Amino acid sequence: MAKTTVLAISDDVILPMTSVFDIMTEPCDPLIVTQASSLSKLPLESSSLDFVVSVSKSLDFPNDHLFGDISRVLKPGGKFLLSNTSQSVPAETSKVITAIERKLLLAGFVSVEKPEVQSGVQSFVVKAMKPSWKVGSSFSIKKPVKTVFKIQMDDDDDLIDEDSLLSEEDLKKPQLPPVGDCEVGITKKACKNCTCGRAEAEEKVEKLGLTMDQIENPQSACGSCGLGDAFRCGTCPYKGLPPFKLGDKVTLSGNFLAADI
């Protein structure tokens, strides 16, 4: 049976062996590294340890760099045990444990186990595991089998005749407007039998002494013709008409030329 390899680290000058044995649940002969916070790199090869145990009284140990190096020296599936015996109050301890969990996840650890903070208890142990795969490892992914949907049709099924869905109204040919209608043609003048109201409009325009083009598309050289009689000059062709916007059709009411009395 292979021997379990354990590394115990601390930021203190001295680390008692009993502190490590209290955390480990199996017998071991740990390698001790003190004042680990001053190291730029742990003096061990990558993926060489089964366990790493951290014992400290400071809430700032291990630092972010050391979290990443601990993950480096652990074997795939190796475990990291972080023990802290600070004198902080429970509320502050809970925040520290949450911060440690976040740092472990960012360093690549999984299966983080947090303890429940209880009043009167000033120490805690956080457990985490390095993923069981190595950096650069690969494995095949099974592609899902494509399912082709098949539609089964029975020849005995009755099919609906599409023509039977049309009514007599649907089959009637649409009626086009007659050629003599007011809206048809280039001149846009009222026809002899006008019923759309164009003939009445043209009659009003003739009484005003204006052309249909001046009503349909009013323009102004001075720019004041559309503002109303108060702004129009004495020779303005639109004098007496209601205000309008230049370029828009002048709207005449039905009783515009009717006598007031």
Side-chain angles (χ1 to χ4, degrees), residues 2-141:
K3 183 180 179 181
T4 302
T5 54
V6 180
L7 169 66
I9 60 174
S10 176
D11 59 339
D12 296 330
V13 178
I14 299 174
L15 177 60
M17 294 289 290
T18 54
S19 300
V20 180
F21 295 148
D22 291 340
I23 301 171
M24 292 292 299
T25 57
E26 56 186 271
C28 62
D29 185 15
L31 173 66
I32 305 295
V33 175
T34 58
Q35 295 180 314
S37 58
S38 61
L39 299 177
S40 59
K41 183 179 180 181
L42 293 173
L44 292 164
E45 295 181 0
S46 301
S47 303
S48 59
L49 299 174
D50 297 306
F51 286 88
V52 173
V53 180
S54 172
V55 181
S56 175
K57 296 179 181 179
S58 172
L59 297 176
D60 298 326
F61 182 84
N63 55 34
D64 294 342
H65 174 74
L66 195 54
F67 271 115
D69 207 37
I70 291 171
S71 177
R72 178 187 65 82
V73 298
L74 277 173
K75 297 178 181 179
K79 295 182 179 180
F80 175 43
L81 309 177
L82 189 152
S83 174
N84 188 283
T85 57
S86 64
Q87 303 296 322
S88 60
V89 296
E92 183 180 352
T93 302
S94 179
K95 294 181 180 179
V96 171
I97 293 176
T98 302
I100 291 174
E101 179 188 17
R102 183 170 59 253
K103 291 180 180 180
L104 288 170
L105 294 175
L106 292 175
F109 288 93
V110 295
S111 303
V112 180
E113 299 180 11
K114 299 186 299 180
E116 293 184 2
V117 180
Q118 301 177 358
S119 59
V121 179
Q122 297 178 339
S123 63
F124 61 85
V125 177
V126 178
K127 301 178 182 180
M129 184 178 70
K130 183 178 178 178
S132 57
W133 59 83
K134 293 182 179 180
V135 176
S137 60
S138 61
F139 54 92
S140 60
I141 300 177

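As the structure is a prediction and not an experimental result, all values here were calculated from the model.
Within the structure, no pair that satisfies the side chain to side chain donor-acceptor pair (under 3.5 Å) test touches residues 14-24, not counting sequence neighbours. For residues 60-81, the ring-ring contact (aromatic ring centres under 6.0 Å, His included) pairs, not counting sequence neighbours, are Phe80-Phe109. Pairs of residues two or more places apart, or lying in two chains, that qualify as salt bridge (charged side-chain N to carboxylate O under 4.0 Å, His left out) and include a residue from residues 102-114 are Asp64-Lys103, Glu101-Lys114. Among residues at least two apart or in separate chains, salt bridge (charged side-chain N to carboxylate O under 4.0 Å, His left out) pairs with a member in residues 38-56 are Asp50-Lys75.
Atoms CD1 and CG, from Ile32 and Leu15 in turn, are 5.0 Å apart once rounded to the nearest 0.5 Å. Distance NZ/Lys79 to OG1/Thr4: 11.0 Å, rounded to 0.5 Å. For the atom pair Asp12 CG and Ser58 OG, the distance stands at 9.0 Å (nearest 0.5 Å). The line from OG1 of Thr34 to CD1 of Ile14 is 8.5 Å long, rounded to the nearest 0.5 Å. How far CD1 of Ile100 is from CG of Leu82: 5.0 Å, rounded to the nearest 0.5 Å.
Judged by distance alone, with hydrogens and angles left aside, the side-chain atoms of Ser10 form a donor-acceptor pair with the main-chain N or O of Val55 at under 3.5 Å. Judged by distance alone, the side chain of Lys130 and the main-chain N or O of Ser71 form a donor-acceptor pair under 3.5 Å. For the pair Asn84 (side chain) and Val125 (backbone), a donor-acceptor distance under 3.5 Å is absent.
In this structure, the side-chain hydrogen bond (donor to acceptor under 3.5 Å, both in side chains) partners of Ser46, at least two apart in sequence or on a different chain, are Arg72. In terms of the side-chain hydrogen bond (donor to acceptor under 3.5 Å, both in side chains) criterion, Ser83 has no residue partners (sequence neighbours excluded).
Residues Ile97 and Pro115 form a side-chain contact, since some pair of their non-hydrogen atoms from C-beta on lies under 4.5 Å apart. Annotation: side chain of Ile70 is in contact with side chain of Pro62 (closest heavy-atom distance under 4.5 Å).
Of all heavy-atom pairs spanning Met129 and Ser111, the tightest one is CE-OG, 4.0 Å. Among all heavy-atom pairs drawn from Asn63 and Ser37, the shortest one is ND2-O, 4.2 Å. Looking at every heavy atom in both residues, Ala8 comes nearest to Val20 through CB-CG2, 3.6 Å. Taking every heavy atom of both residues into account, Leu7 and Leu31 meet most closely at CD1-O, 3.3 Å.
For the side chain to side chain contact (heavy atoms under 4.5 Å, CB included) with Ile9, the lone residue among Asp69, Leu39, Leu66 that qualifies is Leu66.
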